Amino acid sequence: MTNTSRETRCVQAAGAVESETGAIVPPVHIATTFERDPDNSYPRGFTYGRPHNATVQTCEDVITGLESGAATLAFGSGMAAAISLFLALPRPAHVVAPNVMYWALRNWLKTDAASHGLSVTFVDATDLAMIREAIRPGQTKLIWIETPSNPLWSLADIAGCATIARSAGANLAVDSTAATPVLSQPLTLGADVVMHSATKYLNGHSDVLAGTLTFASADSELYAAATRIRSTHGAILGPFEAALLLRGLRTLFVRVERQCLSARAIAEHFASHDQISHALYPGLATHPQYELAQRQMVGGSGGMLSLRFAGGQAAAIAVASTLKVWVRATSLGGVESLVEHRASVEGPGTPCPDDLLRLSVGLEAVDDLIKDLDQALAVAHGN
Ligand code: PLP
């Protein structure tokens, strides 16, 4: 399997044919405990379900291959994965994080991180100079970036951040949920850790909560600490979820390729619409970081975009409420297209403008998605 492409290995779940029966779908291992040999040893390596599980390990191996990493830890959610990484830092620690990022994690960094010995400087992560200036020599242990960032889809320069982190003796972690391993490989660009809310594209069917951390090195203290924290906190992904995630992963490449094509078509269609003030999509030549997107996201610009409405918040909400094909729901990366007025979700203090709708493009016929938005805009305009 090693000479095949990432896509082939992903489709075949890294060659996980079960040796005993020849089953081409890996079994779901639900045992929480394992028998010792008479000599009191665990010769097969498994001891208890909180530190490890064989189905979860199969899933982790597929993701390690996708990210060209050394080891992956799967968690019960993206938030559990991300927070475990922050808690794995030797503390007290200073962290640099972006102003625009997944809001619940930003809220945790703002409200809870200090009580865990973490101080955080928020910066405009599109600006390498600001990241460099935010570094506190000897204290900064982690630069956290999210690219493209939710919900404005601005980019952080992964290779540039990796250089800054290295010279500061810090780690770089990348939330690559929106980029997916299909389009970006942060570890090959110098990041130390890549995180996914696997709830989104990796699973892709809106029926599993999961998160992953993939490490460039399995020898690092950070990996050892994150492994310890997952085990002691009981934050490991469940075996049934791991089996569903493995199934979702098999179609990751075809899903993301189609979602990129449809998102681009939607962005291009609405970029010049007179009721739309901004179409935020890294694949549009008008995107402020178009060049970086072309370099850092290979094969597509993602399935996420946001539209800002000239008529302000009222127009955005009117359009969302008139859509018939798009589903009004939170989350992203699934096969069904979702729409959300993010400012309502994120509340006061959000950097998300109130005239913005976030669109997660699914696998429906793109003409249906465009027609639905067109009719909703027409209705909103008539109101
Ligand atoms: N990171 C990003 C970019 C997300 O969009 C989300 C969830 O929306 C998360 C992290 C958190 O993931 P989860 O909901 O799986 O905990």
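Worth saying up front: this structure is predicted, and the values here are computed from it rather than measured. In this chain, residues are counted from 1 in sequence order. We count ligands from 1, going down the list as the structure has it; atoms in each ligand are counted the same way.
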The answer, listing residues by chain and number that come under 4.0 Å of ligand 1 through any heavy atom, is Ser77, Gly78, Met79, Tyr102, Glu146, Asn150, Asp175, Thr177, Met195, Ser197, Thr199, Lys200, Ala210, Leu332
Cluster membership besides Ile266, Ile/Leu/Val/Met/Phe/Trp/Tyr side chains within less than 4.5 angstrom, sorted by chain and number, is Phe270, Ile276, Tyr281, Leu284, Leu305, Leu307, Phe309, Val319, Leu323, Val325, Trp326, Val339, Leu357, Leu359, Val361, Val366, Leu369, Ile370, Leu373, Leu377
Q. How are the rings of Phe215 and Tyr223 set relative to one another: parallel (under 30°), tilted (30 to 60°) or perpendicular (over 60°)?
A. perpendicular
Is there a donor-acceptor contact under 3.5 Å from the side chain of Gln259 to the main chain of Ala263? no
Ser331 backbone acceptor or donor facing Arg358 side chain under 3.5 Å | yes
Under 6.0 Å from the CZ atom of Phe240, do we count more than 12 heavy atoms belonging to anything else shown? no
- Message: Does this structure show an ion pair linking Asp37 with Arg44, if we count only N-O contacts that are shorter than 4.0 Å?
- Response: yes
